[in-house]
Structure formats: C-alpha cells, structure tokens
There are 2 protein chains.
Amino acid sequence: MRSALRELPGCGTPEAPKPGRRPRSLSREEYREGILLGDRTVLARAVTLIESTREADREVAEQIVEDCLPHCKDSIRVGITGVPGAGKSSLIETLGGFLIAEKKEKVAVLAIDPSSQISGGNILGDKTRMPTLAASEMAFIRPSPSRGMAGGVAQRTREAMLLCEAAGYRNILVETIGVGQSETAVHEMVDFFLLITLAGAGDELQGIKRGVMELADLVAVNKADGANVAAAERARAEAQNALHFFPASGSEWTPRAMTCSALTGAGIRELWECVHEYAAMTRGNGWFAASRREQQRRWMHEMIDQSLRQRFLAHPAVRGRMEALECDVVEGRTTSFRAARTLLAAYCDPERP
Amino acid sequence: MRSALRELPGCGTPEAPKPGRRPRSLSREEYREGILLGDRTVLARAVTLIESTREADREVAEQIVEDCLPHCKDSIRVGITGVPGAGKSSLIETLGGFLIAEKKEKVAVLAIDPSSQISGGNILGDKTRMPTLAASEMAFIRPSPSRGMAGGVAQRTREAMLLCEAAGYRNILVETIGVGQSETAVHEMVDFFLLITLAGAGDELQGIKRGVMELADLVAVNKADGANVAAAERARAEAQNALHFFPASGSEWTPRAMTCSALTGAGIRELWECVHEYAAMTRGNGWFAASRREQQRRWMHEMIDQSLRQRFLAHPAVRGRMEALECDVVEGRTTSFRAARTLLAAYCDPERP
C-alpha cells in the first residue's frame with residue numbers, strides 16, 4: 001500500500017503533488033493503519049481531510065482522529081515563535097536535523113498562520129525554508145492550514161498534532177508564522193514555549209506582541225556566531241534579567257535565556273536538553289499532564305464559543321444591523337451594552353422591531 | 001431634592017444606608033438631572049440600578065446611561081493593580097487626596113472583583129480602606145459589583161464609569177481587587193494602566209499573573225520611605241530594565257518605573273504628572289481616542305459572546321451532557337472537537353440522540 005500512496009497529492013513528503021491524478025479514497029481503517037504505521041503520505045492525506053471545509057470530510061476526519069487517540073505516543077510539544085529576522089526557520093531546520101541525526105527521533109513541524117490567505121499546500125515554501133528537514137524521511141512538515149477563521153486554524157493544527165503523535169512523531173514543533181497573532185493560540189497547545197530573539201540595541205522584542213515574552217519557558221538568542229557572540233551573550237544576560245522579573249507560572253519552572261546558532265549548531269544540544277529538563281520536572285510535579293488536560297478542556301469550550309459566535313454573525317437579523325450599530329457604538333451615539341442587547345434581541349426574535 | 005436624596009441607601013456617600021426606609025423611585029429625568037448636577041446620592045442610586053439583576057432595573061439603567069452619554073466630560077481613566085501587600089488602597093487614598101486638595105478635581109474610585117461573593121454595598125469596607133477619601137465630598141467610591149459573572153462585573157463597572165464621567169468626575173481610578181483575575185478586564189476599560197509593586201528580593205511580582213507586567217504603562221514601587229528608600233530605588237531600576245525589554249505598545253508610550261510613598265506622599269505628584277504626560281502624548285498622536293473607540297467596540301462583542309455562552313450553558317440538552325463530555329475530553333476518551341460538536345448539535349436540535 002505504501003508505495004502506491006506515496007504518489008498521492010496533499011502530502012508533506014518530498015514528492016510533489018500531481019494535480020492531474022485523483023487518489024482513490026481510503027477507508028477509515030486504511031487511514032488508521034497507515035497512520036499507526038507511520039506512513040507520511042497517509043498522515044498527510046488525513047491532515048488534508050482535517051483541513052477540509054466539506055462537512056463529509058470533517059466527519060471522516062473526526063473518526064480518524066478518534067481512532068488514533070488511544071494510540072497517541074508519548075510526545076513533547078514545543079511552540080516556537082520569534083521576532084522577525086531571528087532565523088526561526090533555520091533554527092527549526094538545525095534543531096530538527098539534530099533530533100533526527102543524533103537522537104534518531106522523528107520530528108513533525110506544524111505551522112500556524114491565522115492571517116494566511118494563500119491556498120492550501122504551500123509545500124514549496126516550506127521546502128525552501130527548511131530544505132534539509134523537508135528532504136528527510138524522519139520529518140513531517142506541514143504548512144499552516146489556510147482556510148477558516150483564526151481559531152479554526154488553531155483547532156485544525158491541534159488535530160493534526162494528535163495524528164502526528166499517533167504516527168510516532170515524538171517531537172512536535174508548532175511554529176507561529178503570523179507576527180503577533182498566533183502566539184497565544186500556540187502557547188495553548190504546547191508543553192513548552194520557545195521564543196527566539198536576536199542581539200540588538202535593546203529593541204530585540206519590538207517586533208513581537210506584548211505579553212509574549214512572559215509566555216516563554218526559554219528565550220534563545222540566535223545567531224550567536226562569529227563576530228556576534230559577545231553581543232548575543234549580552235542580549236542573553238538582559239533577557240535572563242527580564243525573565244527573572246516575571247512572576248512564576250504554575251509549572252514551577254523558572255524561564256531561562258540561552259544563546260545558540262542555527263548556523264554553527266552551537267547551543268542546539270543545550271537548548272534541547274533544557275526542553276527535556278522542563279519535561280522531566282513538570283512530569284514529576286504533575287504539571288505536564290494537568291496542563292494538557294486543561295488545554296483539552298479549554299479547546300472544547302473555545303470551539304463552542306467560536307461556533308456560537310459564527311452562527312450569531314451569520315444570522316440575517318444580526319448581519320443587517322451589526323455594521324450600523326457598531327458604528328453608533330464607536331461614535332458614542334449608543335452604549336456597547338444597548339447595542340449588544342439590541343442585536344441579541346434581533347437574534348432571538350427576528351420579528352421584534 | 002438634594003437633601004432629601006442624601007438620606008437614601010445604596011450610595012457611596014458618608015451617610016450609612018438606612019435599610020428600614022424604602023426610597024421613592026426617581027424618574028428617568030430626575031436621574032439624568034441629578035447625575036449631571038453631580039449629586040453623589042443620585043449617582044450612587046443609578047449605579048445600584050446598573051448592578052441590579054432585575055430586568056426592569058436594567059432597562060431603566062440603560063436609559064439613564066444613554067441619557068448621560070452625550071454629557072460625559074473629559075476624563076482620564078486609570079487602572080490600578082498591585083502585588084498583594086503593595087499598599088494599593090493607601091496609594092489610592094493618597095493619590096485621591098492629592099487630586100482633590102491640590103488639583104481641586106473630583107475623583108471616582110471603582111473596584112472590580114470578579115471573585116467577589118459578598119452581597120452588594122460593601123461601603124464600610126471601602127470606608128475602612130480609604131477613610132480620608134471616603135469622607136470627602138469630592139470623591140465617589142464604589143466597591144465591586146458582587147453579582148453576575150466575571151465579565152458581567154466588568155461590564156457594570158464600565159457603565160458606572162460613564163455615569164461618573166457625566167457627573168463631572170475627571171479622574172476615574174479603576175482598582176482590581178481579585179488577584180490575577182481582573183487585570184485584563186481593567187486594562188480593557190482604561191486609558192492608563194498602573195502597576196504597584198514593592199521592593200523585595202526579586203520576588204516582587206510573584207503574586208501577580210503572567211502578562212500583567214507587560215500591560216503596565218507605569219510601574220510604581222511603593223513604600224519608598226524611611227529605611228526602605230534605597231531598596232525601592234533598586235527595585236525601580238530593575239523594573240525599568242525589565243520594562244525596557246518589552247515590546248512597545250501601539251500607543252508609542254515607553255513604560256516607566258518610579259518610586260513613591262503612599263505614607264509620605266513622596267513621588268505622588270510625579271506619578272500623576274506621568275499619567276498626564278501619557279494622556280497628552282496619546283491625545284496628540286490619536287491613540288487615546290482610537291483606543292477608547294476600539295474598547296467600546298470590543299465591549300459590545302464581549303457582551304454578545306457572554307450572552308450567547310450563558311444561553312448555551314443554560315440549555316437543558318447542554319446542561320445534561322456537559323459534565324460527562326468534559327470528563328471524556330479531559331480523560332482522553334474523546335477529542336475536544338467531537339465533544340464540542342456533540343454539544344452544539346444537542347443545542348440546535350435537542351431531539352437528536
């Protein structure tokens with residue numbers, strides 16, 4: 001089955017999709033089996049189903065995810081964000097290479113870009129960004145789902161993550177693409193949050209959103225190579241100092257700052273050891289499991305909220321009045337409270353004037 | 001009218017409520033007039049209507065707020081939060097006294113405590129916390145609304161704030177009470193966000209939630225008096241350094257750190273000058289007005305979301321299954337996505353199995 005499936009489109013494998021050929025549908029059982037065997041092509045096709053906006057596809061996708069749930073292997077989920085120009089892609093490339101070559105462990109790289117407007121399958125882009133990793137049999141790289149709302153994109157990435165875990169990917173790297181839009185969503189789906197920054201004149205973090213710094217379990221100052229080593233070390237000390245000033249999270253972990261170089265590989269091993277130290281500590285004190293359970297619970301409520309909101313906004317009685325009322329609120333002609341109540345009344349009883 | 005009304009309960013004036021006497025209802029016009037004349041008792045009664053859970057009261061309250069909207073005077077809204085023990089109440093007391101005595105300006109102090117379970121009218125508590133301010137004719141102090149959900153509490157404080165502005169309160173101080181629960185809500189309703197902290201051994205912020213530090217426009221290290229001056233100055237320098245490391249907000253304001261003493265009054269004038277410098281700068285670059293407009297818009301959507309959610313959770317078909325499904329999700333027996341869809345289906349069509 002494997003060789004046949006490798007020809008199919010929609011995958012994150014090195015083979016380019018062949019748009020002219022329509023693949024045979026797989027059964028639910030074939031999906032389950034393929035994923036559990038670690039078949040990247042089946043995995044990629046299942047993720048495509050997850051990202052589909054067709055109701056029938058969603059239904060199958062949910063069944064596949066549920067079938068795979070009991071088989072999700074032990075994993076570490078690492079969220080990665082960075083200031084623009086910090087070299088996030090290169091760092092993921094180097095880190096992924098290290099995990100494959102030295103640890104002999106598989107790596108999944110999932111990206112989230114809620115602002116993404118490009119159509120699905122931006123594989124070429126990811127191949128260019130991470131050429132070595134994209135060429136490895138041990139890596140599964142998936143660009144951001146491009147359809148749906150911001151929250152919907154995150155939700156699809158969460159489901160994809162579960163399938164990767166069932167397929168034996170021990171290391172899940174979830175990368176933020178859009179600047180300042182997806183950090184919180186990513187933080188909500190990972191065990192460990194890594195912020196990549198650069199040496200600079202105190203303006204290191206000007207490109208990221210407020211609050212992101214405080215989410216970091218580790219701040220890595222990248223490009224600590226060549227003439228830049230001393231400056232990177234200074235930036236590291238500054239970051240360490242700032243982190244020290246933050247309140248502790250419930251994990252009892254004290255966030256750290258390190259230097260590294262995606263170019264030379266310096267510090268990459270230490271970076272990963274830090275991730276594992278965190279995992280060991282939080283597994284020991286129960287935070288790791290508790291946090292995942294709480295994330296699961298919140299995802300459920302978030303999906304519900306989103307859906308309720310979508311239905312509300314799509315209602316004709318709401319659609320027809322929203323813009324004018326929003327305008328009244330912003331211009332101070334009415335209060336937010338009154339406008340909200342008017343819209344809610346229209347939603348419940350469209351006949352009401 | 002004024003003297004008669006001062007006898008009425010539910011007010012923030014020095015007079016204690018007289019529970020035995022039931023006040024005469026005021027007309028919508030009487031409310032409007034009393035508030036615009038700056039009558040504290042009428043203002044307090046209007047705020048009580050805002051906080052009421054009775055539908056009829058809410059209706060009147062909304063009319064009053066709308067009547068007052070065109071008369072809201074120019075104001076500065078300052079959110080105040082602090083680590084436990086930082087002396088937030090004393091600082092508000094001293095700051096309020098300074099504004100009344102030196103600036104001859106009225107001060108409203110509104111508190112938000114989403115976790116508050118005490119019944120309404122905790123005036124005695126606020127009198128004890130801020131005895132001088134509570135005794136002043138120029139101050140209006142209102143404890144946190146105690147009814148309703150967290151979001152509902154914030155929404156009522158927003159409406160109360162508008163009434164205070166119509167009553168000529170130029171300075172609105174919105175105080176967070178619950179630790180780590182209301183900072184974001186308060187930040188969303190003010191122009192300027194003040195974080196009060198203390199000198200300590202690097203553990204200054206252990207009591208506050210992650211992310212709050214980055215909301216601050218000013219960090220004030222309180223208790224910079226007596227033997228504590230040098231330690232406070234060191235804490236200030238540390239805070240300044242940490243703030244420097246944060247990304248800028250859209251306001252273009254660079255957050256500052258200062259020392260002050262609620263006890264001696266040292267630094268209070270400088271603190272307030274900083275607030276005004278911020279206001280002047282952000283009024284100049286358009287941020288001040290733009291931020292208020294955006295807040296208004298967000299309040300509307302927040303109210304809608306809350307209401308949709310409340311209705312959903314109150315639905316019998318949802319109530320009956322929520323707990324079991326949440327449990328399944330947390331224990332990994334089903335996915336959050338499937339559970340959310342099941343509940344949403346039950347909500348839309350309770351007949352569906």
Side-chain angles (χ1 to χ4, degrees), chain A residues 62 65-66 69-70 72 83 155 158-159 162 202 204-215 238-239 241-242 244-249 293-294 296-305 307-309 311-312 325-326 329-341 343-344 347-348, chain B residues 62 65-66 69-70 72 155 158-159 162 202 204-215 238-239 241-242 244-249 293-305 307-309 311-312 325-326 329-341 343-344 347-348:
Chain A
E62 279 185 19
V65 176
E66 285 206 327
L69 260 192
C72 284
V83 302
Q155 162 203 329
R158 286 168 193 152
E159 293 180 74
L162 297 174
E204 291 86 354
L205 295 175
Q206 294 307 315
I208 65 158
K209 220 171 84 178
R210 278 190 162 200
V212 169
M213 176 83 180
E214 294 198 32
L215 300 176
E238 265 184 49
N241 196 53
H244 164 81
F245 207 80
F246 292 146
S249 95
R293 280 198 303 272
E294 176 58 18
Q296 282 281 120
R297 208 187 58 79
R298 276 208 294 258
W299 295 354
M300 179 181 94
H301 285 287
E302 203 181 282
M303 258 203 74
I304 291 170
D305 288 348
S307 174
L308 293 175
R309 184 164 182 73
R311 280 182 209 181
F312 178 81
L325 277 167
E326 213 173 32
V329 164
V330 165
E331 301 301 332
R333 283 188 295 271
T334 187
T335 65
S336 356
F337 327 110
R338 168 77 75 167
R341 279 162 62 100
L343 288 169
L344 287 162
Y347 181 57
C348 296
Chain B
E62 278 185 19
V65 176
E66 285 207 327
L69 260 192
C72 285
Q155 162 203 331
R158 286 169 193 152
E159 293 180 74
L162 296 173
E204 292 85 356
L205 295 176
Q206 295 306 316
I208 65 159
K209 222 171 84 180
R210 277 188 162 201
V212 169
M213 175 82 179
E214 294 197 34
L215 300 176
E238 266 184 48
N241 195 54
H244 165 81
F245 207 80
F246 293 147
S249 96
R293 279 198 303 271
E294 176 58 16
Q295 285 178 347
Q296 282 282 119
R297 208 186 59 79
R298 277 207 295 258
W299 295 355
M300 178 180 94
H301 286 287
E302 203 182 282
M303 258 203 74
I304 291 170
D305 288 347
S307 174
L308 294 175
R309 184 162 184 74
R311 279 181 210 182
F312 178 81
L325 276 167
E326 212 173 33
V329 164
V330 165
E331 301 301 332
R333 284 189 293 272
T334 187
T335 64
S336 357
F337 328 111
R338 168 76 76 165
R341 279 163 62 99
L343 287 168
L344 287 162
Y347 181 58
C348 295

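Numbers restart at 1 for each chain; the letters A, B, ... are given by sequence-line order, proteins then strands. Remember, predicted model here, so these are calculated numbers, not experimental data.
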(message) Rounded to the nearest 0.5 Å, what separates atom CD in A:Glu326 from atom NE2 in B:His301?
(response) 4.0 Å
(request) Might you point out which heavy atoms bring B:Ala340 and A:Met303 nearest each other, and give the distance in Å? (result) CB-CB, 3.7 Å
(message) Applying side chain to side chain contact (heavy atoms under 4.5 Å, CB included), can you list everything that pairs with B:Arg298, at least two apart in sequence or on another chain?
(response) B:Glu188, B:Glu294
(request) Kindly compute the distance separating CD (B:Gln155) from CZ (A:Phe337), expressed to the nearest 0.5 Å. (result) 6.5 Å
(message) Tell me every residue that passes side chain to side chain contact (heavy atoms under 4.5 Å, CB included) with B:Arg311, counting only those two or more places apart in sequence or in another chain.
(response) A:Leu344, A:Tyr347, A:Cys348, B:Ser307, B:Tyr347
(message) With a 4.5 angstrom heavy-atom cut-off, is it the side chain or the backbone of A:Leu343 that approaches chain B, or both, or neither?
(response) side chain
(request) Please name the pair of heavy atoms, one in A:Ala339 and one in B:Met300, separated by the smallest distance, quoted to 0.1 Å. (result) CB-SD, 3.6 Å
(message) Using the rule given for side-chain contact (heavy atoms from CB on, under 4.5 Å), can you reason through A:Thr335 versus B:Leu69, listing the C-alpha separation, both sets of side-chain angles and the distance that settles it, and then say yes or no?
(response) CA-CA 8 Å; A:Thr335 65; B:Leu69 260 192; 3.5 Å; yes
(request) Please round to the nearest 0.5 Å and tell me the distance separating atom CZ of A:Arg338 and atom CD of B:Glu159. (result) 10.0 Å
